Amino acid sequence: MSDSNSVTPEQSAGNEKDAESPELMLPCWRPVQAVNPPKRNPALIEGVVRRAHVISLAGKGKGSKTWTAIQLAVAVATGGEWFVNSGFKCAQGCVLYIAPELDSKSLDNRFKEVALARGDDPADIERRVMQWPLRGVLTSKGEPPCIEDIAKDVCARCNYGDFDLVVIDSASCFVNGDENSSHDMRAFFAQANVISEATGATVLLVHHMGKGAKGDVDSIERSRGSSVWGDAPDTPFSMLEIFPPGGEEVTDYLEDGERAFVLDDSGLREFPSIKPLHLIFHHPVHRADVDGITAEWKPKSGRRDGGAATAKVRKLQAAERAHKCCDVLAAEFIAKGIGKDGIAAKEATQIVNEVLDETIKATTLKGYVEKSDVLRVEQTSRQRWRVVPRVPPIGSPEQTSLDV
């Protein structure tokens, strides 16, 4: 190294001896641009991951990983939230969904189911999402494709900017080598980075967790195989199913068929870590647990002693909150003699928030009304709804006509 206080021309060039050293294979170095640094890549998911970066999602088998990945693809295609009420806002763009496991027809139907459940237009999905069905597909050599094949084909077929998100579900299908080898897995992630840099797209790698309960395992160590799975992604996520404390049943708190999960990260490269996000899965979509019903729930191997009383209190608080919201709306119907025309969702939400001095989202209020004995939800279009009474309120035109 030079004894001077600045970089020499020879150091700055970095490639001056290339002609004399044909064995050199790596790019040359360059000065750090600290005075006028280039702009960072824009975020694909606000506060979570940037474009042209890699995000991983590890989960147990049959742990709703594919549904989670499809929801992200739909959110990007529509410019919506990843999970309902999660605040994970996505930039709108085009998606390539690489599917080596799920058959093509099933994937098409899953996208439609998710879009409809979220209130999105399936036509938007069809315009902005491409699927690459590779189930049972072999290369010209008669072998299953590996990540190098995927990267080569994507780079050959795509221009920079054609896609904003590339989903590989699941990534383990394309591992070329030993999943437990750090050398082989670094090579795998190098190819994932080739895809992201060549296309400008964020790459989502869906991966499996190892066998056994993972509640007491650090998030960075939950992925199956080498520890590179926790270190290499820019945004490494894991998702575990959680259960009520004290041996209580999930159905004591949630509807039949609903499951609960917690999503957390092991450190984000570009953003602060997220607060663990509790999700309730009502087939086929997840919603954020904004009412705190699952706040005390833990994975199977987590510490589960205590906390049952708190969970019961939270459930009662949520039920009381729902009752108050419906009471406010019922009083509005009676006071103004509103009949079958009902109250539009936006107005109903505004009335409840003003009276209770709270911030309740329209989607949350809709869930409350759907469980009410005196009110119900009436869809006026695919995305619009209103609150109407189950029976005409006193003083309404309908009630007056009945009295006559």
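As a basis for the values below, the full set of heavy atoms in this structure was taken, side chains included, without hydrogen atoms, waters or symmetry mates. Each residue takes its place number in the sequence, starting with 1. Please read all numbers here as calculations on a predicted model, not as lab measurements.
- Atoms CG and OG, from Asp234 and Ser196 in turn, are 7.5 Å apart once rounded to the nearest 0.5 Å.
- Sequence neighbours left out, the pairs with a member in residues 177-199 that pass salt bridge (charged side-chain N to carboxylate O under 4.0 Å, His left out) are Glu179-Arg224.
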(request) Tell me, with the steps shown, if Phe281 and Thr68 meet side chain to side chain contact (heavy atoms under 4.5 Å, CB included). (result) CA-CA 10 Å; Phe281 181 61; Thr68 301; over 6 Å; no

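- A pairwise comparison of heavy atoms in Ala295 and Asp289 identifies N-OD2, 4.2 Å as the closest pair.
- With sequence neighbours excluded, no residue forms a side chain to side chain donor-acceptor pair (under 3.5 Å) with Lys324.
- Here the straight-line distance linking atom NZ of Lys112 with atom CD1 of Ile70 works out to 14.5 Å at 0.5 Å rounding.
- How far CE of Met239 is from CE of Met209: 8.5 Å, rounded to the nearest 0.5 Å.
- No side-chain donor-acceptor contact under 3.5 Å links Lys65 to the backbone of Ala58.
- Listed by chain and residue number, Arg127 satisfy the side chain to side chain donor-acceptor pair (under 3.5 Å) test with Asp124 (two or more places apart in sequence, or in another chain).
- Ionic pairing of Arg287 and Glu258 is present here: one or more N-O contacts between side-chain nitrogen and carboxylate oxygen are shorter than 4.0 angstrom.
- Listed by chain and number, the residues in a side chain to side chain donor-acceptor pair (under 3.5 Å) with Thr199 amount to none (sequence neighbours excluded).
- A distance of 4.0 Å separates CD1 of Ile338 from CD1 of Ile343, quoted to the nearest 0.5 Å.
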(request) Go through Val387 and Tyr368 one step at a time and tell me if the side chain to side chain contact (heavy atoms under 4.5 Å, CB included) criterion holds. (result) CA-CA 11 Å; Val387 182; Tyr368 292 161; over 6 Å; no

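- Residues Leu205 and Pro233 form no side-chain contact, since every pair of their non-hydrogen atoms from C-beta on lies 4.5 Å or further apart.
- Residues Ser238 and Asp264 form a side-chain contact, since some pair of their non-hydrogen atoms from C-beta on lies under 4.5 Å apart.
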(request) Could you give me the CA-CA distance, side-chain angles and deciding distance for Leu329 and Leu365, then say whether side chain to side chain contact (heavy atoms under 4.5 Å, CB included) is met? (result) CA-CA 11 Å; Leu329 293 176; Leu365 180 62; 4.3 Å; yes

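- The stretch residues 94-105 participates, sequence neighbours left out, in these side-chain hydrogen bond (donor to acceptor under 3.5 Å, both in side chains) pairs: Tyr97-Asp169, Glu101-Ser170, Asp103-Ser106, Ser104-Gln131.
- Put simply, the side chain of Arg222 reaches to within 4.5 Å of the side chain of Leu240, judged on heavy atoms.
- Heavy atoms only, all atoms of each residue included: Pro145 and Phe174 are closest at O-CD2, 3.3 Å.
- Between the Arg269 side chain and the Ala232 main chain, a donor and an acceptor come within less than 3.5 Å of each other.
- In this structure Ala345 satisfies the side-chain contact (heavy atoms from CB on, under 4.5 Å) test together with Trp385, sequence neighbours excluded.
- Residue Phe333 comes nearest to Gly342 through the heavy atom pair CE2-CA, 3.8 Å, listed as atom of the first residue, atom of the second, then distance.
- Looking at Glu81, its side chain never comes within 3.5 Å of a backbone N or O of Lys89 through a donor-acceptor pair.
- Here the shortest heavy-atom pairing between Gly63 and Arg259 reads CA-NH2, 4.2 Å.
- Pairing each heavy atom of Ala198 with each of Cys155, the nearest pair is CB-SG, 3.5 Å.
- Taking every heavy atom of both residues into account, Ser223 and His207 meet most closely at CB-CD2, 3.7 Å.
- Contacts of Thr363 classified as side chain to side chain donor-acceptor pair (under 3.5 Å), with partners at least two apart in sequence or in another chain: Asn85.
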(message) Assess the residue pair His53 and Leu44 against the criterion (side chain to side chain contact (heavy atoms under 4.5 Å, CB included)); give the C-alpha distance rounded to whole Å, side-chain angles, the decisive distance to 0.1 Å, and a yes or no.
(response) CA-CA 9 Å; His53 284 192; Leu44 182 75; over 6 Å; no

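- Residues satisfying the ring-ring contact (aromatic ring centres under 6.0 Å, His included) criterion with Phe83, sequence neighbours excluded, are His286.
- Leu107 is not listed as a side-chain neighbour of Pro133, based on a closest heavy-atom distance of 4.5 Å or more.
- For His283, the ring-ring contact (aromatic ring centres under 6.0 Å, His included) partners two or more places apart in sequence, or in a different chain, are Trp67.
- For the atom pair OH (Tyr160) and CG (Asp162), the distance works out to 11.5 Å, reported to the nearest 0.5 Å.
- Between atom CZ of residue Arg386 and atom CD of residue Glu378 there is a gap of 4.0 Å, rounded to the nearest 0.5 Å.
- Residues Leu72 and Val167 have side chains not in contact (no heavy-atom distance under 4.5 Å, counting atoms from C-beta outward).
- Using modelled atom types, one finds a donor on one side chain and an acceptor on the other under 3.5 Å when comparing His278 with Thr294.
- Thr235 contributes a side-chain N or O that, together with a main-chain N or O of Val48, makes up a donor-acceptor pair within less than 3.5 Å.
- Here side-chain hydrogen bond (donor to acceptor under 3.5 Å, both in side chains) pairs that include residues 33-52, with residues two or more places apart or in two chains, are Arg50-Glu270, Arg51-Asp164.
- Between Phe88 and Phe237, the ring-plane angle classifies as parallel under the 30° and 60° cut-offs.
- Under the 3.5 Å distance criterion, the side-chain polar atoms of Arg384 are left unmatched by any main-chain donor or acceptor of Ala344.
- Counting only residues at least two apart or in different chains, salt bridge (charged side-chain N to carboxylate O under 4.0 Å, His left out) contacts with residues 140-156 comprise Asp153-Arg157.
- Although no hydrogens or angles enter the test, the distance criterion places a donor-acceptor pair under 3.5 Å between the side chain of Asp121 and the main chain of Ala123.
- The shortest side-chain heavy-atom distance between Phe243 and Pro299 does not fall under the 4.5 Å cut-off.
- Residue pairs that meet the salt bridge (charged side-chain N to carboxylate O under 4.0 Å, His left out) test with at least one member in residues 346-361, sequence neighbours left out, are Arg321-Glu358.
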